[in-house]
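Beneath this line is the structure, given in structure tokens, with notes to follow.
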Amino acid sequence: MNLLAHEKTMFKKQMPGRTVTWVQTPETTGGQYTSVCVTEYEPGARAKPAHAHDNGEETIYVVSGEGKAKVGDGVYDLKQGSVLLFPQGIPHMVWNTGSGTLKLACFYAPQLSAIEYTFYEDFDFDEFKGQEDG
């Protein structure tokens with residue numbers, strides 16, 4: 001079993017508003033309790049639609065850049081070094097409000113069930129409500 005993985009050698013997946021690289025999964029490191037991905041948002045991008053994890057939680061760590069996160073009714077400013085919890089079952093989304101790439105390390109627990117999503121099409125930042133995405 002290989003306990004070490006690096007984001008440069010992993011497959012990058014394009015998702016709405018972001019690029020996701022799964023670094024730690026049972027397949028990459030054999031981990032049984034957590035999963036880790038690196039997520040990058042280009043300037044102005046946001047994860048749309050919002051989602052929640054019905055069977056686990058997600059913690060994000062801001063590696064670089066700045067932005068905002070909406071979690072339930074709260075909006076939080078993100079900057080390098082920030083840590084934010086997305087509790088189980090609470091809709092959330094991230095928006096890059098900066099001029100550079102927003103890079104996050106995302107930690108999921110328990111690993112297999114926490115990465116299942118429920119989507120919330122109408123959940124958004126107030127700045128975008130009533131606008132058509134396109």
Side-chain angles (χ1 to χ4, degrees):
M1 172 177 10
N2 187 6
L3 300 178
L4 179 67
H6 193 283
E7 68 180 284
K8 288 185 179 179
T9 63
M10 300 295 149
F11 175 73
K12 295 187 181 306
K13 179 179 181 180
Q14 294 298 316
M15 296 182 72
R18 62 210 185 272
T19 302
V20 178
T21 306
W22 285 99
V23 181
Q24 179 186 308
T25 65
E27 295 77 25
T28 61
T29 64
Q32 297 301 304
Y33 302 104
T34 61
S35 290
V36 179
C37 71
V38 175
T39 305
E40 295 179 305
Y41 296 79
E42 293 304 316
R46 71 189 195 284
K48 184 75 175 138
H51 64 273
H53 307 280
D54 294 332
N55 299 308
E57 63 187 24
E58 177 182 4
T59 298
I60 63 169
Y61 173 78
V62 181
V63 176
S64 61
E66 58 188 59
K68 292 186 180 291
K70 185 171 183 182
V71 185
D73 293 333
V75 176
Y76 303 88
D77 291 323
L78 302 175
K79 61 182 179 180
Q80 185 175 0
S82 298
V83 172
L84 181 62
L85 174 67
F86 298 148
Q88 180 175 344
I90 305 297
H92 57 272
M93 64 189 316
V94 171
W95 173 26
N96 181 350
T97 60
S99 59
T101 300
L102 174 62
K103 184 174 184 177
L104 308 175
C106 307
F107 305 86
Y108 301 85
Q111 56 86 13
L112 288 176
S113 57
I115 61 175
E116 295 172 358
Y117 293 166
T118 297
F119 292 102
Y120 295 82
E121 296 288 341
D122 295 332
F123 184 89
D124 208 341
F125 290 95
D126 289 344
E127 291 87 342
F128 294 97
K129 288 189 177 172
Q131 295 181 17
E132 293 283 328
D133 283 326

Quick one: are [X] and [Y] in side-chain contact, heavy atoms under 4.5 Å?
X      : Y      : value
Thr34  : Gln24  : yes
Lys68  : Asp77  : yes
Ile60  : Phe86  : yes
Leu104 : Val38  : no
Val71  : Tyr76  : yes
Arg18  : Lys48  : no
Tyr33  : Pro110 : no
Trp22  : Phe11  : no

Determine whether Thr19 and Gln14 satisfy the following criterion, side-chain hydrogen bond (donor to acceptor under 3.5 Å, both in side chains), listing intermediate values before the conclusion. CA-CA 5 Å; Thr19 302; Gln14 294 298 316; 3.0 Å; yes
Val23 and Thr28: CA distance, side-chain angles, deciding distance, side chain to side chain contact (heavy atoms under 4.5 Å, CB included) verdict: CA-CA 7 Å; Val23 181; Thr28 61; over 6 Å; no
side-chain hydrogen bond (donor to acceptor under 3.5 Å, both in side chains) against Lys70, all qualifying residues, sequence neighbours excluded: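 Partners of Lys70 by the side-chain hydrogen bond (donor to acceptor under 3.5 Å, both in side chains) criterion come out as none, since no residue qualifies.
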Out of the candidates Val75, Val94, Thr97, only one should pair with Phe125 under the side-chain contact (heavy atoms from CB on, under 4.5 Å) rule; please name it.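 In the set Val75, Val94, Thr97, the residue that makes a side-chain contact (heavy atoms from CB on, under 4.5 Å) with Phe125 is Val75.
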Mind checking whether [X] and [Y] sit in one hydrophobic cluster, side chains of I, L, V, M, F, W, Y counted as touching below 4.5 Å?
X      : Y     : value
Tyr41  : Leu78 : yes
Phe119 : Val20 : yes
Tyr61  : Leu84 : no

Asp124 vs Asp122, side chain to side chain contact (heavy atoms under 4.5 Å, CB included): CA-CA, chis, key distance, verdict: CA-CA 6 Å; Asp124 208 341; Asp122 295 332; over 6 Å; no
Mind checking the [atom1]-[atom2] spacing from [X] to [Y]? Nearest 0.5 Å is all I need.
X      : Y      : atom1 : atom2 : value
Tyr108 : Cys37  : OH    : SG    : 4.0 Å
Ile90  : Phe123 : CD1   : CZ    : 9.0 Å
Asn55  : Thr118 : CG    : OG1   : 8.0 Å

Taking all non-hydrogen atoms of both residues into account, name the closest pair between [X] and [Y] and its distance.
X     : Y     : answer
Gly89 : Ala52 : C-CB, 3.8 Å
Thr29 : Ala5  : CG2-CB, 4.0 Å
Ala45 : Gly17 : CB-O, 3.3 Å

Donor-acceptor pair, side chain of Thr101 and main chain of Lys103, under 3.5 angstrom: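 Between the backbone of Lys103 and the side chain of Thr101 there is no qualifying donor-acceptor contact (under 3.5 Å).
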Main chain of Glu42, side chain of Asn96: is a donor-acceptor contact present, judged purely on distance under 3.5 Å?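 Yes, the answer is positive, given that a donor and an acceptor are paired below the 3.5 Å cut-off.
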Checking side-chain hydrogen bond (donor to acceptor under 3.5 Å, both in side chains) against Thr21, which of Glu40, Lys12, Lys13 comes through?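 Only one of Glu40, Lys12, Lys13 forms a side-chain hydrogen bond (donor to acceptor under 3.5 Å, both in side chains) with Thr21, namely Lys12.
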I need the full list of side chain to side chain donor-acceptor pair (under 3.5 Å) pairs touching residues 80-95, with sequence neighbours left out, sorted by first then second residue.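 Those involving residues 80-95 are His51-His92, His53-His92, Glu58-His92.
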Cation-pi between Arg46 and Phe128: NZ/CZ under 6.0 Å from ring centre and within 45° of the ring axis?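 Pair Arg46/Phe128 counts as cation-pi.
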